[in-house]
There are 4 protein chains.
Amino acid sequence: MPNKNKPPAAAAAPPERRSEILAIAAEVFAAQGYNATTVRRIADAAGMLAGSLYYHFDSKESMVDEILSGFLGELWARYDAVLDARLGPRETIEALVTESFREIDRHRAAVAIYQKESRHLAALPRFRYLTDSQTRFERAWLGTLERGVAEHVFRADLDVRLTYRFVRDTVWVAASWYRPGGLHSPEEIARQYLSMVLDGIAVRT
Amino acid sequence: MPNKNKPPAAAAAPPERRSEILAIAAEVFAAQGYNATTVRRIADAAGMLAGSLYYHFDSKESMVDEILSGFLGELWARYDAVLDARLGPRETIEALVTESFREIDRHRAAVAIYQKESRHLAALPRFRYLTDSQTRFERAWLGTLERGVAEHVFRADLDVRLTYRFVRDTVWVAASWYRPGGLHSPEEIARQYLSMVLDGIAVRT
Amino acid sequence: MPNKNKPPAAAAAPPERRSEILAIAAEVFAAQGYNATTVRRIADAAGMLAGSLYYHFDSKESMVDEILSGFLGELWARYDAVLDARLGPRETIEALVTESFREIDRHRAAVAIYQKESRHLAALPRFRYLTDSQTRFERAWLGTLERGVAEHVFRADLDVRLTYRFVRDTVWVAASWYRPGGLHSPEEIARQYLSMVLDGIAVRT
Amino acid sequence: MPNKNKPPAAAAAPPERRSEILAIAAEVFAAQGYNATTVRRIADAAGMLAGSLYYHFDSKESMVDEILSGFLGELWARYDAVLDARLGPRETIEALVTESFREIDRHRAAVAIYQKESRHLAALPRFRYLTDSQTRFERAWLGTLERGVAEHVFRADLDVRLTYRFVRDTVWVAASWYRPGGLHSPEEIARQYLSMVLDGIAVRT
DNA sequence: CATGAATGAGACTTCATTCAT
DNA sequence: CATGAATGAAGTCTCATTCAT
C-alpha cells in the first residue's frame, strides 16, 4: 500500500512528513468530501504545491486508501479483542459501541470519510476491503444481537436486522458532529447512547 | 421561457417532463453523490443529450435546489400539522418519526441527497434555507424532548442534546438503505424504531 | 437573399413582420455586437421564441447579411447620385460627408454593425460584397481627394492616403455615439465636421 | 501560486512567460474580437493546450483585463505628464495626440481591443475602470478644447463637444489600420493628423 | 405563424497527474 | 524534496438550429 516510488527506507526511519500530510488530507476530505477536495487544496493546507504531493503519494486515491485502511485496521484490532473476549451479548454490544466512539475520538476525520464515501469507493477494486469489512461488521453486530435475543437478553419482538441498521448508523453518523476535546468524552457519549438504545428514553412505568 | 427565473418549487401547470427529469436526477444524485454525478449521466438516464437539460433547468445546481426545496416544503407541511396538533411529548415524537419515515418513503432520493449534501450546499447563499430548516428542525425536536423531560415522560438522566442528535441522525440515515416497496412499510419501520428509542432493546427485568 | 423557405408571395404583399424583426435585430446587434448577440435575445425583443425566427430567416448570418446589404445598397444609391453629378472636389467631399451622416441618421444600427463587424464578416464568402464596397469606397474618396490636390483645392503637403483614412473613420465612427432625434441634425453634424476637416479648428492668424 | 489574487497590472519579478502569452492573446483578441476568440486559439498561438493557459491566468476575462489595464496605466502616465506640464491649448492637444499615436505604436493590439470591446466590457463590474478612464479622458480633452476657445486659439463657432468626439475617435480608430514598422512613424502620423485637424485640408485662400 | 422540445457542436474551465529542473 | 509549467481528459454550460405539432 505504501508508495511505490518511495526509497526503500526501513520502518525505523518513519517518513514523518507522510503521516502529517495524511492527517491534513483526512481533515480536508472529511470537511469537503472526497470528490470535492482538490489535490491543490490539500497541498495548500500542507504548505506545498500540488505536484509535490506526488513525491509522497501515488495519487489522490491512494491517500484515501491509506486513510481508510489505516482506520479500519485499527478498528478491527479493537473489535477483535472485544469479540475474542466472548462476553455476554449486552456486554459485547456495550464494548463494541464504546470502542466505536473511541475510534471516532481518535480518527474523527477518517470515520467521517468512511461514512460519506464508503459507498462510492467500494465500487473500485482497490477498495474491496471496504465491503469485506462491512460484511464482517454485520456478522459481528447481527450475530451478537441474535445471540441476545436467543438468550432473552434483548426483546424478541424487534426486527433484528432493522435494529442492526439503526444502531450501526447512529454510531457512525456521530462522526459528523463529534468534536474531539468537546464536552463529552467518548466513553460518556457511549454510555448515553447505550442507555438510550438498551433501556429507552421513556420513563418506565 | 421555461428556463430563467422560474419559481423553483411551484407552477400552476407543472410541465410533465420537468418533474420527470427531476425525479430521475434525484435518483442519480442519491446514488452517486451530487458532485460525482455528471450532467450527462442525468441526461442519459432521461434519454436526452446533456445540453438538452438546460432547456428545462438553469444549471445542475438549480436541479438539486428544486429537489431539496420541494422535499423540505412538503416535509414542513406535515411537521407543522403535527406540531400544531399540540399532542403530548411522546405522541409528538411518535408522530414526527412516523411522518419522517413516510417522507423517506415518498422522497427517498431527496432525503438521501439532503443527508449527504446538505453541509456542502448550505455554504452557497442560494441554499440558505437548508440551514434555516435545520434550525427549525432542532427547535421542534429539542423542544419536544425537553417538554417530555419536564413532564416526566422522558428520562431526566439523559443528555437531551445528545439524544436529539442520535434520534435525528438515525431517522434520516435510514434513507440510505430504505427501499420503497420493500418488506417494511414506513409505519412499520417507525414503530420498530420508536419501540427501540422509547423503550430500549433490552428485556425489562 | 430572401429566405428560401418563404412562400413565393409577390413583392406586392411585403411581409411586414420581416422588416420589423430585421430592425429589432439590427438594434440588438449594434448594441451587443454580432457574436455576443444570441438569437434568443432577438426573439425576446421581437416577442417570440428563438425557434420562430427561423420561419422568417435562414440563419442569424442571413439576418446581418440582409441588414448590411440593405444599408449598403441604399448608401451607394446616394453616393452614386453624388458622384454622377460631377461636382468639384470640395463640393463632392461635402456631399459625400453629408450623405454619410444622413445614412447614419436613417440606419444608425446598420452603420454601427458595419463599423464593428465588417472585418470579421468579410472573411466569409457570402459577405464578399463588404470588401467590394470598401474598394469602391476607397476609390471614390481617394480619387476625389487626389483630384482636389491636383486642382489646388486641397493642400499638397498632406499624405492623401492618411487623410482618407482619417476622414473615412471619423465619419463612420460617429454611428457609435449618434442618436437620431438628438440635438444635432445630420446636416448640422456634417457642417461642423466639414468645417473642422476643411478649414481646421485653429483660429487663422 | 501565480494564479488567483494576483495584481493584474504589476509584479516585482514579471514571470517571462506570462507577458509573452499576454502579448499573443492581445494580438489574437485584436484580430478576431474578444468574443470570437476562443481560448484554444490563444493557446495554439502560444504553443500550448487550452487548459494550460489557466496555470497563468484565471480566465479569458482576466487576460483582457490585464491587457487593458496595462495599456491604460501606461497611457495615463504619459497623459498626466503632458497635462502637468501646463502647456498652451494648442500645444497640449499636439502633445496628447502625439502621445496617443505613440501608444498605438507601442500597444497597437491593446488599443484596438480597447476601441472595439470597451463598451461591452464596461458593463462588467471588474472593468469599471474603463468608464472611469473615459471620464478622465473627456475631461482632459474637452477642457483643453474649451480653454483653447476661451483663449481664442481655437475657433469659437465649432461645437466643442462634437469636435471632441471627432478628434477622440479618429485618433483611436487609427489602431485598426496602423501597422508598427510601416511607412509612417507615429510622430509623422501625429503631425499629419494635427495638420488636418488644426489647419484643415483646404488650401487657404 | 408560432411553440416547445430537443440536438450537437463547441465554448470556458477544472483538475489529477507528470516531469524536467 | 519541492517548484513551475504543462498535459489531457472530462465537466458544465451556451447556442444556433431543427422539427413535429
Side-chain angles (χ1 to χ4, degrees), chain A residues 5-7 15-18 21 35-43 46-63, chain B residues 1-3 15-18 21 35-43 46-63, chain C residues 5-7 15-18 21 35-43 46-63, chain D residues 1-3 15-18 21 35-43 46-63:
Chain A
N5 295 328
K6 241 194 7 200
E16 266 305 339
R17 200 69 208 276
R18 199 184 166 70
I21 295 172
N35 272 299
T37 297
T38 72
V39 122
R40 213 185 100 190
R41 219 177 178 87
I42 298 173
M48 50 171 57
L49 291 185
S52 309
L53 283 176
Y54 288 80
Y55 177 82
H56 302 280
F57 302 96
D58 274 350
S59 63
K60 186 181 160 186
E61 213 176 270
S62 76
M63 287 190 232
Chain B
M1 211 161 314
N3 217 334
E16 266 312 335
R17 199 65 209 277
R18 200 182 164 71
I21 295 173
N35 272 299
T37 297
T38 71
V39 122
R40 219 188 86 195
R41 227 181 175 82
I42 298 173
M48 49 170 55
L49 293 182
S52 307
L53 284 176
Y54 290 80
Y55 177 78
H56 301 278
F57 302 95
D58 274 350
S59 63
K60 188 180 157 186
E61 210 176 273
S62 77
M63 286 190 230
Chain C
N5 295 326
K6 239 193 14 202
E16 266 306 339
R17 201 69 208 279
R18 199 183 167 71
I21 296 173
N35 272 298
T37 297
T38 71
V39 121
R40 214 185 98 191
R41 221 178 176 86
I42 298 173
M48 50 170 60
L49 291 185
S52 309
L53 282 176
Y54 287 79
Y55 176 82
H56 302 279
F57 302 95
D58 274 350
S59 63
K60 186 180 159 186
E61 213 177 271
S62 75
M63 286 190 233
Chain D
M1 212 159 315
N3 218 332
E16 267 309 336
R17 197 67 209 277
R18 201 183 164 70
I21 296 173
N35 272 299
T37 297
T38 72
V39 121
R40 219 188 88 196
R41 225 179 176 84
I42 298 173
M48 49 169 53
L49 292 182
S52 307
L53 284 176
Y54 289 79
Y55 177 77
H56 302 278
F57 303 95
D58 275 350
S59 62
K60 187 181 159 187
E61 210 177 274
S62 76
M63 287 191 230

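- With the 3.5 Å cutoff on both pairing distances, Watson-Crick and G-U pairs in DNA chain F assemble into runs of at least 3 at E:2-21 with F:2-21.
- Both B:Thr37 and A:Gly47 lie near DNA chain F, and the one whose nearest nucleotide falls closer to the 5' end is A:Gly47.
- Rounded to a whole Å, the CG atom of B:Asp58 is 11 Å from the C1' atom of F:dC13.
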Task: Test side chain to side chain contact (heavy atoms under 4.5 Å, CB included) applied to C:Met48 and C:Ile21, step by step - done: CA-CA 10 Å; C:Met48 50 170 60; C:Ile21 296 173; 4.0 Å; yes
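- Residue A:Tyr55 has no polar side-chain atom (N or O) positioned under 4.0 Å from OP1 or OP2 of F:dC1.
- Among the protein residues, B:Val39 comes within range of the sugar-phosphate backbone only, with heavy atoms under 4.0 Å from sugar or phosphate atoms but none that close to a base.
- Within the 4.0 Å cut-off from OP1 or OP2 of F:dG4, not a single side-chain nitrogen or oxygen of D:His56 is found.
- Here the P atom of nucleotide F:dT14 and the NZ atom of C:Lys60 are 15 Å apart, to the nearest Å.
- Look at CZ on A:Arg41: it is 11 Å from P on E:dA16, rounded to the nearest Å.
- If you find the closest nucleotide of DNA chain F to A:Gly51 and to B:Asn35, the one lying nearer the 5' end belongs to A:Gly51.
- The side chain of C:Leu49 lies closest to E:dT3 when the candidates are E:dA16, E:dT3, F:dC13.
- With E:dC15, F:dT17, F:dT12 as the candidates, the nucleotide lying closest to the side chain of A:Thr38 is E:dC15.
- Rounded to a whole Å, the CD1 atom of B:Ile21 is 10 Å from the C1' atom of E:dA6.
- For D:Met48, the side-chain atoms get nearest to F:dT7 when compared with the rest of F:dT7, F:dT17, E:dC1.
- Remark: C:Tyr54 is in phosphate contact with F:dT17, judged by side-chain N or O atoms under 4.0 Å from OP1 or OP2.
- Of the residues near DNA chain E, D:Arg40 and B:Ala50, the one whose nearest nucleotide (by heavy atom distance) lies more toward the 5' end is B:Ala50.
- Side-chain nitrogen and oxygen atoms of D:Arg17 include at least one within less than 4.0 Å of the OP1 or OP2 phosphate oxygen of F:dA6.
- A donor-acceptor pair is defined here as one N or O able to donate and one able to accept, closer than 3.5 Å; no such pair exists between the side chain of D:Arg40 and the backbone of D:Leu49.
- Between the P atom of E:dC15 and the CD atom of A:Glu61 lies a distance of 17 Å, rounded to the nearest Å.
- With rounding to the nearest 0.5 angstrom, the NE2 atom of B:His56 is 12.0 Å from the OG atom of B:Ser62.
- The separation between D:Phe57 atom CZ and E:dC15 atom P is 19 Å, rounded to whole Å.
- Side-chain contact check for D:Leu53 versus D:Met63: some heavy-atom pair is nearer than 4.5 Å.
- Shown here for A:Thr37 and A:Lys60, the closest heavy-atom pair between the two residues is O-NZ, 2.8 Å.
- We find that CG of D:Leu53 is positioned 14 Å from P of F:dG8, with the value rounded to whole Å.
- Atoms OH and CZ, on C:Tyr55 and C:Arg18 in that order, are 10.5 Å from each other to the nearest 0.5 Å.
- Note on C:Ser52: a base of the nucleic acid sits closer than 4.0 angstrom, heavy atoms only.
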